Each structure stands twice: as C-alpha cells, then as structure tokens.
Q: 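First the structure, then my questions, so here it is.
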Amino acid sequence: MLRRGFQMAVILGHHGTLPGATHLLPRFNPASAFGSSTESLVSRFCQEMTKTKNYALPNASWGPDMLSLYHEFLEKTKTDGWVRVPSFRSNRDHIRGFKLPLELSANSDKSDWRLFTRCIEREGQGFEYVIFFQPSEKKSVCLFQPGPCLEGVPGFAHGGSLAALIDETFSKTACLSGEGLLTLNFNIRFKNLIPLGSLAVLNVNVEKIEDQKMYLSCVTQSRDQQTVYAKASGTFLQMQLEEESSQQ
Amino acid sequence: MLRSCTAGLRSLWALRGRREGAARLSADLQPARRLFSTEKAVHKDWALPNPSWSKDLKLLFDQFMKKCEDGSWERLPSCKHTCTYKSEDFKTYFLDPQLVEGEGLSQAQLFTRGFEDGLGFEYVIFNNNDEKRTVCLFQGGPYLQGIPGFLHGGAIATMIDVAFGSCAAISGGAVMTANLNINFKRPVPLCSVVVIHSQLDKLEGRKLFVSCNVRSVDEKTLYSEATGKKLPLAILSLVSAVWGVFVWGGVELVWFVLVF
C-alpha cells in the first residue's frame with residue numbers, strides 16, 4: 001500500500017470537484033506521507049517522454065527576458081535541486097499507467113483533445129510557459145509569455161488566460177507536492193494588465209496541507225518585481241490515482 | 001499602472017461599445033455611442049449558432065431568442081477583434097514600440113473567440129437590463145480540457161469573468177475585474193452545455209459586486225458558484241483617463257470619461 005502511494009505521482013489536471021466533495025475522500029492512504037513521497041512523485045512525473053512532445057522548452061517565439069530567466073532556472077536544476085516540469089498536450093499523457101478515480105473516469109476523453117493551456121499549437125501565439133518546481137520547499141516558479149491569441153483588453157492578456165495559467169501551475173505544484181488533484185476554490189485579485197509578448201513570473205507556494213486539502217498562493221509579477229499583475233490563492237483536494245490493471 | 005489604466009479604459013470601451021459586454025449608456029450619453037457607429041471594420045457576430053453547437057445549446061438559444069421578442073431580454077453580439085483602427089492608435093501611444101512592431105501583435109484576437117468552430121468557447125450572452133442580470137449559454141470544446149474528459153477550471157473562470165463583465169457593464173459602463181472568487185462543486189464534462197446565471201448584487205460607490213452560478217441545462221446540477229468585484233475604469237485613475245482623452249482628442253470621449 002505504501003509502495004502504491006509512492007508510485008502515485010503524476011499529474012493531472014485540475015478542477016472541479018466530485019459530487020459531495022467534502023465527504024468524497026476516496027480511499028486516501030494516510031501512510032503516503034507528503035515529505036518523502038514528493039521526491040517519488042517528481043521522479044515518476046518529471047520523466048521526459050521520447051514520443052510525446054514536451055512544450056516546456058524554448059522556441060523561436062520566446063523573448064530575451066523569457067529565455068534568460070529560463071536559463072537561470074535551468075542552472076538551478078543542476079545546482080539547487082529545482083526540477084523543470086515537462087508539459088504535454090494532454091493531461092492524459094501525464095498519467096500513463098494510472099487512471100482517474102472511478103467517479104472521474106466515467107467521462108472518456110479522445111486522443112485529439114487538448115489541455116487548455118496547450119490549446120494553441122502555433123509557437124508564440126498562445127500560452128508560452130514553463131514551470132520549475134522546488135521539491136524541498138514545495139514551491140514553483142512559472143515563466144509566462146502570453147501571445148496575441150490570449151488578448152482581452154487590446155494589447156494585453158485576457159484575465160481569464162492568467163487565471164487559467166495560475167490554476168495550471170497550482171495544479172502541477174499540488175500534484176507534485178502531495179497528490180493534490182481537484183480545485184475546490186480559486187480566488188484571484190487583478191492588479192495590473194500584462195502586455196502581450198512580455199514576461200510574467202508566477203511564484204507559487206504551498207502554504208498548508210490539512211484535512212486532505214492543500215492551500216496554495218501565487219503572486220504574479222514582472223521580472224523586476226516592480227509590477228504586481230495579480231495575487232491568487234487556491235484550495236486543492238488530495239486524491240490518489242489508481243494503477244491501471246494489466247488488462248487495460 | 002498609468003499605462004495599463006488608460007489602456008484598460010480605452011480598450012474596454014472599444015471592446016464593449018456595441019458588442020459583448022456592451023456598456024449600457026444612459027440617454028444622456030448618446031453622442032458617445034455615435035462615435036463608435038463610425039467604426040470602419042465590419043465584424044462577424046460569433047454569438048450565433050454554427051454547426052458545432054449541440055442540440056442543447058441550440059434549444060436554449062431559441063428559448064432565449066423568444067424572450068427577446070418583447071424587449072425584456074437582448075442578445076449581445078460578439079466579435080473576434082476589437083475596433084482595429086482605434087486599437088492601432090492605442091497601441092502606438094501606450095505600448096512598448098518593440099512589442100507593437102512584432103508581427104505577433106497584429107494577429108491579436110479576443111481570447112475567447114480565437115478558436116475554430118466547436119474547438120474552444122462556444123457561447124452567447126443574453127442581458128436583462130431591467131433585472132440587471134445576464135445568462136450565458138456556454139459549450140466548452142475539446143481544446144479546453146483539464147482533467148481528461150472534463151473542462152479546465154481556467155476555462156470556467158474565463159467564462160465566469162466574461163459573464164460578470166457583461167452583467168456589471170449594464171450598470172457600470174466600462175468595467176474591469178478587480179477580484180474573482182470561484183467555488184468548484186463538480187467537474188464539468190467536456191463538450192457539454194452549461195448555463196451561467198449572473199446578477200448584480202450590490203453597488204457600493206463605484207464598485208460593482210456580482211455573483212453567478214454555473215448549472216447544467218436542466219438546472220439540476222450545480223457546477224460552481226462565484227462572486228466578483230468590478231470597478232469602473234475611471235475610478236482607477238481619473239488623471240490617466242484625462243491624459244488618455246487628451247491624446248485621442250475626441251470631444252465625445254471626454255464627456256464620457258468625466259461623467260463616469
């Protein structure tokens with residue numbers, strides 16, 4: 001049982017909760033403690049997959065700010081234990097070998113369905129982002145460069161696109177930090193607009209884990225931290241994935 | 001902040017002038033409305049049925065179009081781009097030239113209207129001005145996935161924000177979102193239709209408090225509830241608004257800003 005807990009890893013997506021979420025709490029194994037399993041979750045989840053495109057890599061559309069900060073964090077993956085989180089076109093790619101809990105697995109998905117934050121294929125047009133995770137501190141940094149297809153107010157990123165990316169970063173952080181799976185609550189306070197094509201830096205922290213709920217916070221600001229774009233908080237429900245049986 | 005406040009004021013006005021989230025102007029402000037009737041670009045209205053709409057969505061659309069017949073409800077048109085010639089002036093004055101010159105920016109389009117039919121956000125908003133509430137019919141397509149098989153919470157958040165904007169604009173004119181708080185109750189199956197009911201709860205000075213719930217077509221399933229706070233753009237910085245007006249030089253626009 002402990003071993004299964006350790007193998008749980010991976011991702012998942014987000015959102016929503018199951019009917020009667022508060023008494024949902026399906027088969028959660030308290031023995032899969034969060035501290036030691038974070039490393040297991042990371043090693044299971046953050047493996048590069050040769051046959052599936054990883055979108056969390058630089059491309060020609062990345063501006064100089066995004067590139068230079070990316071390389072700074074890449075250095076930290078070698079020296080300070082940071083992990084670059086891979087990003088695939090669908091969360092289904094992230095849970096190979098595992099399946100969603102029964103209540104969530106009733107809805108099948110199709111192979112050409114896409115993760116919202118990877119919905120726009122053309123480089124530089126939509127969400128350009130990469131998430132770096134620090135396992136020992138349960139925190140993440142996401143570098144975000146919104147493209148012209150994310151426009152709200154002309155010349156600036158739509159508030160919904162930022163909300164989506166904060167939720168995405170919350171989700172990956174919650175999953176790697178302790179099998180946080182479903183968003184229960186999401187709160188965002190907008191402060192300033194993000195110009196399209198510029199770099200925004202999301203700093204996410206796990207504030208607390210209590211009663212099978214994970215509480216996360218996020219501050220989104222410019223690279224020099226002079227402009228705060230938004231502050232957000234989220235609550236995630238911890239749920240374990242199930243291993244797929246050999247028949248599947 | 002100055003730049004983004006002015007940017008917000010200008011662009012929200014252009015965006016909402018006669019489209020989705022349209023600012024509802026009193027009779028006194030009719031001259032400002034005429035300013036936008038001379039827009040050069042002709043935009044397709046995306047808030048109309050297309051082949052990707054499910055039966056549920058079409059049925060609901062027809063029901064609400066019937067309600068529009070007596071004038072109590074109205075359908076909001078929805079475009080893919082904002083008024084292009086004004087956007088160009090705006091970008092020249094308020095954005096970093098390097099960003100403006102990049103090819104990417106000229107391809108900008110409204111986030112929620114940037115997908116091929118059926119792949120992303122399919123939605124239409126109906127306003128009830130007397131009751132200060134809106135109904136948004138929304139079908140989330142396969143490019144909006146979160147957990148496999150379900151709609152991404154960020155997509156729900158985006159639509160709630162759009163619905164709030166329309167609702168708040170009835171009373172507040174050009175508005176911007178200050179705060180959004182969403183409680184998720186159940187995941188929404190991808191490609192299903194939901195109904196977002198928004199209403200204005202209270203007006204506190206210049207702040208507009210709105211709330212909504214997201215339900216299934218038969219109203220039996222509650223997917224999420226949300227509250228939000230909107231602010232009129234003018235409150236963010238009257239100085240920046242006046243500065244913006246000076247640059248644009250439109251008399252009608254000055255009047256609009258000062259009134260708000």
Side-chain angles (χ1 to χ4, degrees), chain A residues 12-19 21 61 90-92 95 100 104-110 112-117 119-120 124-125 147-156 158-161 163-168 171 181-190 192-193 195-198 227, chain B residues 1 4 7-8 10-12 14-15 82 86-87 90-91 94-96 99-100 102 104-112 114-115 119-120 142-159 161-162 176-190 223-224:
Chain A
L12 262 220
H14 342 229
H15 323 292
T17 0
L18 303 180
S61 74
S90 165
N91 276 326
R92 181 63 73 188
I95 59 168
L100 298 173
L104 291 174
S105 58
N107 258 55
S108 60
D109 56 313
K110 298 184 183 167
D112 57 347
W113 289 8
R114 294 190 189 173
L115 177 62
F116 182 35
T117 49
C119 59
I120 295 162
Q125 296 299 299
C149 289
L150 304 190
E151 186 176 78
V153 165
F156 297 88
H158 196 288
S161 70
L165 193 61
I166 291 175
D167 191 32
E168 172 70 17
S171 171
L181 185 61
L182 297 174
T183 316
L184 295 175
N185 171 268
F186 182 83
N187 184 295
I188 183 167
R189 282 93 60 206
F190 295 100
N192 280 292
L193 300 170
L196 293 176
S198 70
T227 308
Chain B
M1 183 67 177
S4 44
R10 163 60 194 89
S11 52
L12 253 198
L15 181 66
T82 56
K86 284 198 173 297
S87 295
F90 173 79
K91 287 171 189 170
F94 302 122
L95 292 178
D96 186 324
L99 289 176
V100 174
L105 213 55
S106 62
Q107 298 158 25
Q109 54 194 0
L110 182 60
F111 179 39
T112 51
F115 297 81
L119 292 181
Y143 282 15
L144 306 188
Q145 187 168 233
I147 294 173
F150 296 94
L151 191 60
H152 195 289
I156 299 171
T158 300
M159 282 314 303
D161 189 36
V162 167
M176 289 191 74
T177 312
N179 170 264
L180 203 56
N181 185 65
I182 306 171
N183 289 314
F184 294 96
K185 307 287 186 186
R186 290 172 179 78
V188 179
L190 206 55
Y223 290 114
S224 49

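Predicted model only: the values in this text are computed from it and were never measured. Just so we're on the same page: letters track the sequence lines, and every chain starts at 1.
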Q: Between B:Ala155 and chain A, which part of the residue has a heavy atom less than 4.5 Å away: side chain, backbone, both or neither?
A: both
Q: A:Phe186 versus B:Phe184: any side-chain heavy-atom pair under 4.5 Å?
A: yes
Q: Check whether any side-chain heavy atom of B:Pro142 sits under 4.5 Å from a side-chain heavy atom of A:Arg114, and report yes or no.
A: no
Q: I need the residue from A:Gly159, A:Gly124, A:Ser161 with the largest number of non-hydrogen atom pairs under 4.5 Å to chain B.
A: A:Ser161
Q: Can you see which heavy atom on A:Trp113 is nearest to which on B:Leu190, and at what distance?
A: CE3-CD2, 3.3 Å
Q: Indicate yes or no: at least one non-hydrogen side-chain atom of B:Leu180 is less than 4.5 angstrom from one of A:Arg189.
A: no
Q: What residue in B:Thr158, B:Asn183, B:Ile182 has the most heavy-atom pairs under 4.5 Å with chain A?
A: B:Ile182
Q: Specify the closest pair of heavy atoms between A:Gly160 and B:Asp161, including all atoms of both residues, with the distance to one decimal.
A: N-OD2, 4.3 Å
Q: So which heavy atom on A:Ala164 is nearest to which on B:His152, and how close?
A: O-CE1, 3.7 Å
Q: In the structure I gave you, are the side-chain heavy atoms of A:His158 and B:Val162 within less than 4.5 Å of one another anywhere?
A: yes
Q: Working to the nearest 0.5 angstrom, can you tell me the gap between A:Asn192 CG and B:Met176 CE?
A: 8.5 Å
Q: Atom SG in A:Cys149, atom CZ in B:Phe111: separation rounded to 0.5 Å?
A: 9.5 Å
Q: CG of A:Asn185 to CG of B:Asn181: how many Å apart, nearest 0.5 Å?
A: 5.0 Å
Q: Once you round to the nearest 0.5 Å, how far does CG of A:Leu184 lie from NZ of B:Lys185?
A: 9.5 Å
Q: Under 4.5 Å from any heavy atom of chain A, what part of B:Thr177 do you find: side chain, backbone, both or neither?
A: both
Q: Going through the distances and angles, do B:Asn179 and A:Asn187 end up as a side chain to side chain contact (heavy atoms under 4.5 Å, CB included)?
A: CA-CA 7 Å; B:Asn179 170 264; A:Asn187 184 295; 3.4 Å; yes
Q: Under 6.0 Å between ring centres, would you say that holds for A:Phe116 and B:Phe150?
A: no
Q: Enter the distance from B:Phe115:CZ to A:Ile120:CD1 here, rounded to the nearest 0.5 Å.
A: 5.0 Å
Q: Indicate the atoms forming the closest heavy-atom contact of B:Ile147 with A:Asn91, along with that distance.
A: N-ND2, 4.3 Å
